[in-house]
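Each remark here refers to the structure printed beneath this line.
On a predicted model such as this, the values are computed, not experimentally measured, just so you know.
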Amino acid sequence: RLTQEECKMIGTMTQDTKDRIRQLEGQKVILEDRLEHLGYASNLVKMHEVEEQIFEIEDTIKKLIS
C-alpha cells in the first residue's frame, strides 16, 4: 500500500496520472489473485512470469508517484 507521503503526492497529480495508477493497482490485484491460484497448481514458470509482471507494475506506480 501507499505511504502517507505518497498519498500527499497523489493529491497534486493530474487526473490522468491518478487514473493510470488506479488502473495499474487493479491489474496488480488481478495478477496477485492469478499468482495465488498458480501456487496451488505448482506452475513455477507461470508464477515467475506473473511475479515479474507484478514487479513491473509496482515499479511503474513508484515512477508515477515520484
Side-chain angles (χ1 to χ4, degrees):
R1 294 290 159 200
L2 300 176
T3 66
Q4 211 171 20
E5 186 174 317
E6 289 171 332
C7 288
K8 287 179 185 176
M9 293 176 77
I10 288 174
T12 62
M13 290 180 183
T14 66
Q15 189 60 45
D16 287 342
T17 302
K18 291 177 186 179
D19 291 344
R20 179 73 177 130
I21 291 171
R22 189 175 305 113
Q23 178 190 27
L24 290 167
E25 287 286 354
Q27 289 176 6
K28 182 179 162 190
V29 168
I30 292 167
L31 289 171
E32 288 171 338
D33 188 51
R34 184 184 302 168
L35 184 62
E36 184 177 341
H37 290 300
L38 288 171
Y40 295 129
S42 299
N43 190 336
L44 297 179
V45 174
K46 284 285 186 190
M47 285 176 67
H48 182 70
E49 290 173 3
V50 171
E51 286 172 341
E52 285 180 352
Q53 291 175 335
I54 291 171
F55 174 81
E56 290 297 324
I57 287 172
E58 290 173 341
D59 187 57
T60 302
I61 291 170
K62 285 178 185 174
K63 289 176 182 174
L64 287 170
I65 290 173
S66 299

For this session: Would you please name every residue forming a side chain to side chain contact (heavy atoms under 4.5 Å, CB included) with T17, sequence neighbours left out?
Result: M13, T14, I21, L64

For this session: Find the distance between CG (L24) and OG1 (T60) and round it off to the nearest 0.5 Å.
Result: 6.0 Å

For this session: Mind checking salt bridge (charged side-chain N to carboxylate O under 4.0 Å, His left out) for D59 and listing every partner two or more places apart, or none if nothing turns up?
Result: K63

For this session: Apply salt bridge (charged side-chain N to carboxylate O under 4.0 Å, His left out) to K62 and list each qualifying residue two or more places apart in sequence or on a separate chain.
Result: none

Problem set entry | Contacts of type side chain to side chain donor-acceptor pair (under 3.5 Å), residue E36, not counting sequence neighbours | Y40

Problem set entry | M47 to L35 - nearest heavy-atom pair and separation | O-CD1, 3.5 Å

Seminar exercise, completed: Separation between CD (Q27) and CD1 (I61), nearest 0.5 Å, reads 9.0 Å

For this session: Find out if a path of hydrophobic residues (ILVMFWY) with successive side-chain heavy-atom gaps under 4.5 Å connects L44 to L38.
Result: yes

Exercise. Sequence neighbours excluded, which residues qualify as salt bridge (charged side-chain N to carboxylate O under 4.0 Å, His left out) partners of D19?
Worked result: R22

Donor-acceptor contacts, no H, no angles, side chain residues 48-56, under 3.5 Å, sequence neighbours left out:
unit_1 : atom_1 : unit_2 : atom_2 : d
H48    : NE2    : E52    : OE2    : 2.8

Seminar exercise, completed: Rounded to the nearest 0.5 angstrom, the CG-NE2 distance for D33 and H37 is 4.0 Å

Seminar exercise, completed: Hits for side chain to side chain donor-acceptor pair (under 3.5 Å) against Q23, two or more places apart or cross-chain, chain-then-number order -> R20

